[in-house]
There are 2 protein chains.
Amino acid sequence: MTSSLVIQPVMEPVIQPVMEPVHRSGALLDQLARRARLRAESELAPLGLRQRHLVALTVLRCSGGSTQQALSSTLMMDGTNIVGLLNELEAEQLIERRRSPQDRRRHVVELTAKGLERLGQAECALAVAENEVFGTLDDAQRETLYTLLLQAVNGEGSRAEALRE
Amino acid sequence: MTSSLVIQPVMEPVIQPVMEPVHRSGALLDQLARRARLRAESELAPLGLRQRHLVALTVLRCSGGSTQQALSSTLMMDGTNIVGLLNELEAEQLIERRRSPQDRRRHVVELTAKGLERLGQAECALAVAENEVFGTLDDAQRETLYTLLLQAVNGEGSRAEALRE
DNA sequence: TAAGTCGTTTGTGTAAGGCAATCCATTTAT
DNA sequence: ATAAATGGATTGCCTTACACAAACGACTTA
């Protein structure tokens, strides 16, 4: 008798198999990245690096050599800017451009020993900064965050590469 | 008799209680944020928004009203630029500046109903973009990523706020 | 009443980065 | 073999996002 106004939810939500998460991570991602970058730049300055360099070096270490086009695509940056970025890194002998034997128009960009070392120094110097930025995450959480970021980053990039090579 | 060269690892690694993770997330974070931003901007353009606006709106919704100083601190952006950003949002009536009753020098910035709605539309429009950017993450992973980002972002910001208020 | 504070406006400077044109070396197609 | 296409480099121009400084009005606090 008391049932006139109340609509019965009888198993109704079960119909939608997966509740699409409403959360958009973009804004958070942007903001956290901003904090990390601002904080990082001050640690990187003594090493003569900026974040953009670090990103490039990281990508290069991870991929173990890459053509400039590939870099342009994974960094999502215009080719001309890649040239400038690489020029800066090459001027400090952190990277090397070698002509590809297969196609001598191409440059294969690789980390030098010095570059690898510098990158290591940078990461070491960044420990402090990241401890502040990720202060509220414990080590396990930081690790899963790292894993997720890595997986997301590699996914996008490799789809384009898969088509190409 | 075959034991001369091999050093026994007998329980040795147990001595260091926690292996500090060598992974630096900064570069990955930066790059993923860049991808997300580039991808997002094209979806946001029809709504007359850019990512900076979205971040501000998101922060405002989350905090439910904030003083401009607080915004300046959580967004880590110069006060004068906050003014400009808010001017743009106010021009579209997405936010409102009210003078604080406690201290009439201060502006309390709040989302309007229209602002809340627009933010919702934006997030809805961003579903496609984020599906691409986070394509390799399943729903559960995206959710934990979101949670981690949220936790990290809130941590940093609230430390400063805790001191202030 | 004086000094400090919040927000606003204006103006200046810098760095990141896109886009287009031009050039060279090389490869591929005809 | 000659023409067309491609990878990269260089130059120049333009936009945007910021930071920073100075000056002002409104307000609060000492």
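Every chain is numbered from 1 and lettered A, B, ... according to where its sequence line falls, protein lines coming before strand lines.
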Which nucleotide in the set C:dG18, D:dT16, C:dT8 lies at the smallest distance from any side-chain heavy atom of B:Arg97?
C:dT8
Of the candidate nucleotides D:dC18, D:dG7, D:dT10, which contains the atom at the shortest distance from the side chain of A:Val83?
D:dT10
Between CZ of A:Arg50 and P of C:dT14 the distance, given in whole Å, is 13 Å
A:Glu43 and A:Ala129 have their tightest heavy-atom pair at CG-CB, 3.9 Å
C:dC6 OP1/OP2 closer than 4.0 Å to side-chain N/O of B:Ser72
no
Can you tell which of D:dC18, D:dG8, C:dT8 lies closest to the side chain of B:Gln68?
C:dT8
Using whole Å, report how far CG of B:Leu75 lies from C1' of D:dA19.
15 Å
Any side-chain to backbone donor/acceptor pair from A:Arg39 onto A:Glu132? Under 3.5 Å, distance only.
no
Taking A:Thr147 for the side chain and A:Glu143 for the main chain, is one N or O donor matched with an acceptor at less than 3.5 Å?
yes
Roughly, in whole Å, what's the span from CZ in B:Arg106 to C1' in C:dT8?
17 Å
Between A:Thr74 and B:Arg35, is the side chain to side chain contact (heavy atoms under 4.5 Å, CB included) condition met? List the steps.
CA-CA 9 Å; A:Thr74 70; B:Arg35 284 184 189 173; 4.2 Å; yes
Donor-acceptor pair between A:Gln69 and A:Thr67 side chains, under 3.5 angstrom:
no
Just by modelled atom types, is the A:Thr112 backbone N or O under 3.5 Å from a matching donor or acceptor in the A:Gln93 side chain?
no
Between C:dG17 atom C1' and A:Arg37 atom CZ, what is the distance in whole Å?
13 Å
As a quick check of understanding, evaluate side chain to side chain contact (heavy atoms under 4.5 Å, CB included) for B:Thr144 and A:Thr144, giving each step before the final call.
CA-CA 9 Å; B:Thr144 66; A:Thr144 66; over 6 Å; no
Treating primed atoms plus P, OP1 and OP2 as sugar-phosphate and everything else as base, which nucleotides of nucleotides 23-30 of chain D get B, S or - for protein heavy atoms under 4.0 Å?
---BBS--
How many Å lie between CG on B:Leu86 and C1' on C:dT9, as a whole number?
14 Å
Is the shortest side-chain N/O distance from A:Asn87 to OP1 or OP2 of D:dT10 below 4.0 Å?
yes
Measure the distance from CG on B:Leu71 to C1' on C:dT8 and round it to the nearest whole Å.
15 Å
I'd like to know if B:Glu130 pairs up with B:Arg142 as an ion pair, taking the criterion as any Lys NZ or Arg NE/NH1/NH2 lying under 4.0 Å from an Asp or Glu carboxylate oxygen.
no
Under 3.5 Å, sequence neighbours excluded: what are the donor-acceptor pairs made by side chains of residues 47-55 of chain B?
unit_1  : atom_1 : unit_2  : atom_2 : d
B:Gln51 : NE2    : A:Gly26 : O      : 3.4
B:His53 : ND1    : B:Arg50 : N      : 2.9
B:His53 : NE2    : B:Glu88 : OE1    : 2.5

Output yes when a side-chain donor or acceptor of A:Arg99 lies under 3.5 Å from a complementary backbone atom of A:Arg104, and no otherwise.
yes
Closest-nucleotide 5' rank along DNA chain D - winner of B:Met77 and A:Thr80
A:Thr80
So, is A:Asn81 near the phosphate of C:dA16, with a side-chain N or O under 4.0 Å from OP1 or OP2?
no
Can you give me the bend angle of the helix from C:dT1-D:dA30 to C:dT30-D:dA1? Use the axis through the first five pairs and the one through the last five, nearest 10 degrees.
20°
Rounding to a whole Å, what distance do you find between A:Gln31:CD and D:dC18:P?
12 Å
Could you state the atom-to-atom distance from CD1 of B:Ile95 to P of C:dG7 in whole Å?
12 Å
